[in-house]
Amino acid sequence: GNSVFDWDSYLKETSSTAAPAYCFKQHEESPENEFKPGMKLEAVDPRNITSICIATVVGVVGPRIRLRLDGGDNKNDFWRLVDSSELKPVGYTEKKGGMLQPPLGFRMNGSLFPMFLVKTLNGAYYSPDTAFKSEPDTPTDNLFKVGQKLEAVDKKNPHLICVATIGDVDKNNIFVTFDGWRGAFDYWCSYDSRDIFPVGWCLKSSHPLQPPGNSHHKAVTGSRYSGGRPNGAQTSNVKQNLNDSMNLSPDSASDLETGIQESCS
Ligand code: MLZ
């Protein structure tokens, strides 16, 4: 619905506390989003992170943009913050002496890429340099504590930012558990991930926040929180998730179709 999630009541109900803002690699005030649908830019290919590709903005929500790689398909869209270090103005790579690459799954013969590039950039709507905001500082340590609440991107439905809890902490990594979803969307990530936000970030940033799901699992929180510690088998998934954290499964494609209708309306 349209109602704003009431964090204050929820923290009281669950007798939990919010992870302090200094734990997160996020600016205190979200930068302005100057991107508009149709604008082009350079972006790291999330499925092939050594490649810089041309991308088009296909959606704008709060300080995040939805991107589609030019020459790719429409099933692998991804979301980035406007202060992501993975976004650059058109021309950046060439200036640095690098070469733009076709996206993974380029729909033409690779030999046609140079001509494709000329055509896709000819008369294109370039994102202005001012739209690219500087990346926040990285906190020097992992200061998260088990049981603390936060807002986090659901990596299976990356248009969604949801109510979450720190389920575990291990060296530089944290286990993000989604309240009320019985573990189905939980993941490990680095403490300096750009996909996690302090309580209140969505409200301040004009971004929708998904409330907890209906599972009663969410009632178990705080220091007695017992869910989420992965067994050995899950730990290997964990490593894969960390290596390949933004790879979108085909399952997310239909959710994303719903997402673009929301973001473009
Ligand atoms: N369409 C999905 C959305 C789930 C979102 C969960 N986020 C933690 C479903 O209802 O299963």
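Values below: every heavy atom of this structure, side chains too, minus hydrogens, waters and symmetry copies. Numbering of ligands and ligand atoms starts at 1, following listing order.
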Report the residues that fulfil side chain to side chain contact (heavy atoms under 4.5 Å, CB included) with K88, sequence neighbours left out, ordered by chain and then residue number.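 Expected list: E42, Y92.
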
Below 4.0 angstrom from a heavy atom of [X], which ligand 1 atoms are there? Numbered from 1 as shown, please.
X    : result
C162 : 7 (N), 8 (C)
F178 : 8 (C)
L160 : 5 (C)

Could you say whether the N/O atoms of N157 and ligand 1 ever approach to under 3.5 Å?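 No - when backbone and side-chain N and O of N157 are compared with those of ligand 1, no distance drops under 3.5 Å.
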
Classify the angle between the aromatic ring planes of H207 and W201 as parallel (below 30°), tilted (30 to 60°) or perpendicular (above 60°).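 Because their plane-to-plane angle lies in the 30° to 60° range, the rings of H207 and W201 count as tilted.
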
Please list all pairs meeting ring pair (Phe, Tyr, Trp, His ring centres under 6.0 Å) that have one or both residues in residues 33-69, counting only residues at least two apart or in different chains. F35-F132

Neighbour count >12 (heavy atoms, 6.0 Å) for atom CE, M99: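 12 or below, so no.
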
